[in-house]
K.L.:
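Here it is, the structure in full.
Order of listing sets the numbers, starting from 1, for every ligand and every atom in it.
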Amino acid sequence: MALACIADTVVTLTDEAQLDTFMANYVEDVEHRQPLFVLSGGSNVLLPAQLNATVLQPQMRGINVTAQTDSYVDIEVMAGENWHDLVMHTVAQGWYGLENLALIPGLTGAAPVQNIGAYGVQLEDSLQYVRAYHLPTQTWHQLTAADCEFGYRDSLFKRHPNTWLISRVGFRLHTDATKVLASYGDVQTVAQSYAKQQGRKQPAPADVMHAIIDIRQQKLPDPKQLPNCGSFFQNPIIPQAQFTALQARYPAIVGYAMPEAKMKVAAGWLIEQASLKGGGIAPIITHQQQALVLTNHAPYQATQDDVAAAQRYIADVVYQNFTIQLSREPVWVNADGSIGYDEHEV
Ligand SMILES: Cc1cc2nc3c(=O)[nH]c(=O)nc-3n(C[C@H](O)[C@H](O)[C@H](O)COP(=O)(O)OP(=O)(O)OC[C@H]3O[C@@H](n4cnc5c(N)ncnc54)[C@H](O)[C@@H]3O)c2cc1C
């Protein structure tokens, strides 16, 4: 989001042993030590203007093949590897399973935190294990996918922030180029046209990946050019009865059926209907093409307070129109490095 933020101390970790050394000193230094905050690419965090914490930045690099058969390849990826570059690399090698997760910003070590997902695929579909350091006990652990307690955009790591530092992620990828998920949304048509250009009848994983890159580039502003943190609000889940009443007033309302007589409503649609496309409180404005994305028009000048003001305004207007409370999706970081997930804490 390119918010102005100064941290007291930043510790860049380029190998795992550095963390052991740092933590040995940290636990001894009872008088001066500050809370710890783990930061990777910074694409999913809203940082405070002053961060009174010691920031740990895992930047270990490396991609290693740990096992290979005719049908699969096991790889171990260090936390500091750029996620999109990893996806491109695996597809180029003929190792498949990550192609639908192309162009998600950030580093590999952060990917398990919210079990990143897109176009019908989630990280947990190919993740085998995570190697992580448990900060409170200063011990290394290998966690299986089950240990990570993955849910929809959720995991053990997200529920216990600044407790684990992920240093490696193990994946099992397959080598069957005919096994692709190309049916999701508008991917099919674009992937098919890529396949046709390559003289293929059916899309291969590379076609799906390129289709997804195209679609994402059209739909979402590039954070490097116009700072943003992707979808800013979660799609709210409301009772079926409330949805039916809204549908009578707004026949075009977009919703998806959920268990227990609930409906998930498209937050972007609500914001647009509340006439907030391109609205907000300057310099934090919703994107002209994608109302769900808040953009920062004053990079490294705007602060977390500006984001809070815009969020509150948009959520209030949506509530006045639809009696639906919007919740924030990115991670709100407090001045002491702790995490505030609830928008009501803003
Ligand atoms: C334009 C845009 C599009 C996006 N699209 C998607 C999408 O389609 N699907 C999706 O799931 N997400 C999406 N996101 C969100 C974001 O890309 C992911 O959450 C990504 O995994 C964040 O990576 P990062 O390295 O930037 O993490 P950061 O923002 O640095 O950190 C995110 C959280 O993870 C913790 N963390 C980071 N690294 C570690 C580590 N090594 N060990 C332990 N904890 C750690 C941090 O403390 C923080 O709480 C999008 C974001 C943007 C800006």
Side-chain angles (χ1 to χ4, degrees), residues 1-3 5 7 10 12-13 16 19 35-47 51 53-60 77-87 98 100-124 130-135 141 143 148 150-169 184-185 212-213 215-232 234 287 290 292-296 328-334 337-341:
M1 200 72 181
L3 299 179
C5 173
V10 178
T12 301
L13 303 166
E16 290 173 347
L19 183 56
L36 299 172
F37 176 69
V38 185
L39 180 71
S40 282
S43 57
N44 208 33
V45 288
L46 298 168
L47 295 167
L51 182 52
T54 294
V55 177
L56 296 176
Q57 265 198 310
Q59 296 203 344
M60 310 83 159
V77 185
M78 302 304 289
E81 289 293 334
N82 176 280
W83 176 258
H84 176 66
D85 292 348
L86 171 69
V87 174
L98 303 180
N100 291 42
L101 304 177
L103 222 61
I104 296 182
L107 306 184
T108 303
V113 176
Q114 66 157 12
N115 185 19
I116 57 168
Y119 298 98
V121 171
Q122 300 193 87
L123 188 81
E124 64 175 310
V130 160
R131 178 169 154 84
Y133 187 86
H134 188 242
L135 294 161
H141 297 259
L143 289 88
C148 297
F150 288 122
Y152 180 75
R153 302 288 187 276
D154 195 27
S155 74
L156 168 82
F157 314 109
K158 186 165 174 180
R159 286 193 297 278
H160 301 278
N162 297 323
T163 304
W164 297 92
L165 184 143
I166 298 167
S167 73
R168 307 180 192 194
V169 187
Y184 204 88
I212 287 171
I213 293 172
I215 293 166
R216 291 185 71 108
Q217 280 174 337
Q218 276 166 28
K219 275 192 179 166
L220 292 169
D222 180 351
K224 288 199 190 91
Q225 278 155 25
L226 183 53
N228 72 87
C229 52
S231 304
F232 190 88
Q234 297 172 20
H287 192 244
Q290 186 58 264
L292 195 53
V293 175
L294 262 63
T295 56
N296 176 7
R328 185 183 51 237
E329 184 149 323
V331 178
W332 182 271
V333 183
N334 297 316
S338 63
I339 305 295
Y341 277 116

K.L.:
Going by heavy-atom distance to atom 21 (O) of ligand 1, choose the closest among Ile116, Val55, Asn100.
P.N.:
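It is Ile116 whose heavy atom sits nearest to atom 21 (O) of ligand 1.
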K.L.:
For ligand 1, is any non-hydrogen atom under 4.0 Å from Val331's backbone (N, CA, C, O), its side chain (CB onward), both, or neither?
P.N.:
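Near ligand 1, Val331 shows its side chain, while the N, CA, C and O stay back.
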K.L.:
Nearest heavy atom to atom 9 (N) of ligand 1: which of Pro227, Gly117, Ala118, Ala132 does it belong to?
P.N.:
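It is Gly117 that holds the nearest heavy atom.
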K.L.:
Counting distance only, does the side-chain N/O of Arg153 pair as donor-acceptor with the main-chain N or O of Ile116 below 3.5 Å?
P.N.:
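No.
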K.L.:
With heavy atoms under 4.0 Å as the rule, classify the contact between Trp164 and ligand 1 as side chain, backbone, both or neither.
P.N.:
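Just the backbone.
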K.L.:
Any atom of ligand 1 sitting under 4.0 Å from a heavy atom of Cys229?
P.N.:
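Heavy atoms of Cys229 do come under 4.0 Å of ligand 1.
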K.L.:
Which part of Asn228 is near ligand 1, with near meaning a heavy atom under 4.0 Å away: side chain, backbone, both or neither?
P.N.:
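Contact part for Asn228 vs ligand 1: both backbone and side chain.
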K.L.:
Pull out every atom of ligand 1 sitting under 4.0 Å from any heavy atom of Arg153, numbered as shown with elements.
P.N.:
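So the atoms of ligand 1 that pass are 11 (O).
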K.L.:
For ligand 1, which atoms sit closer than 4.0 Å to a heavy atom of Gly106?
P.N.:
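Here the atoms of ligand 1 in question are 23 (O), 24 (P), 25 (O), 26 (O).
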K.L.:
Can you say whether the rings of Trp164 and His134 are parallel (under 30°), tilted (30 to 60°) or perpendicular (over 60°)?
P.N.:
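Ring orientation, 0 to 90° scale: tilted.
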K.L.:
Does any non-hydrogen side-chain atom of Val45 lie less than 4.5 Å from one of Met1?
P.N.:
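Met1 vs Val45: side chains apart.
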K.L.:
Could a heavy atom of Met1 be found less than 4.0 Å from some atom of ligand 1?
P.N.:
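Flag not set, Met1 not near ligand 1.
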K.L.:
Side chain to side chain donor-acceptor pair (under 3.5 Å) between Glu16 and Ser167: does it pass, once the steps are laid out?
P.N.:
CA-CA 7 Å; Glu16 290 173 347; Ser167 73; 2.6 Å; yes
K.L.:
Heavy-atom distances under 4.0 Å are what count here, so tell me which part of Ala110 touches ligand 1: side chain, backbone, both or neither.
P.N.:
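Contact part for Ala110 vs ligand 1: both backbone and side chain.
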K.L.:
If the cut-off is 4.0 Å to any non-hydrogen atom of Gly42, which atoms of ligand 1 fall inside it?
P.N.:
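Per the distance check, 24 (P), 26 (O), 28 (P), 29 (O), 30 (O).
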K.L.:
Taking atom types as modelled, is there a side-chain donor on Glu81 or Thr108 under 3.5 Å from an acceptor on the other?
P.N.:
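Looking only at side-chain atoms, Thr108 and Glu81 do not form any donor-acceptor pair under 3.5 Å.
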K.L.:
May I ask you to identify, for Arg216, whether its side chain, its backbone, both or neither come under 4.0 Å of ligand 1 on a heavy-atom basis?
P.N.:
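The side chain, only.
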K.L.:
Checking contacts here: is it the side chain or the backbone of Val45 that comes within 4.0 Å of ligand 1, counting heavy atoms only? Could be both or neither.
P.N.:
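For Val45, the contact with ligand 1 is made by both the backbone and the side chain.
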K.L.:
Would you check the N or O atoms of Asn115, main chain and side chain alike, for any that come under 3.5 Å of an N or O of ligand 1?
P.N.:
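No, there is no polar N/O contact under 3.5 Å.
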K.L.:
Could you check whether any side-chain heavy atom of Ile212 comes within less than 4.5 Å of a side-chain heavy atom of Leu103, counting everything from C-beta outward?
P.N.:
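No, too far: nothing below the 4.5 Å cut-off.
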K.L.:
Of the backbone atoms (N, CA, C, O) and the side-chain heavy atoms from C-beta on, which set of Pro105 has a member under 4.0 Å from an atom of ligand 1: side chain, backbone, both, or neither?
P.N.:
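Near ligand 1, Pro105 shows its backbone as well as its side chain.
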K.L.:
Within this structure, what is the CD1-CZ distance for the pair Ile339 and Phe37, rounded to the nearest 0.5 Å?
P.N.:
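Here the rounded value is 5.0 Å.
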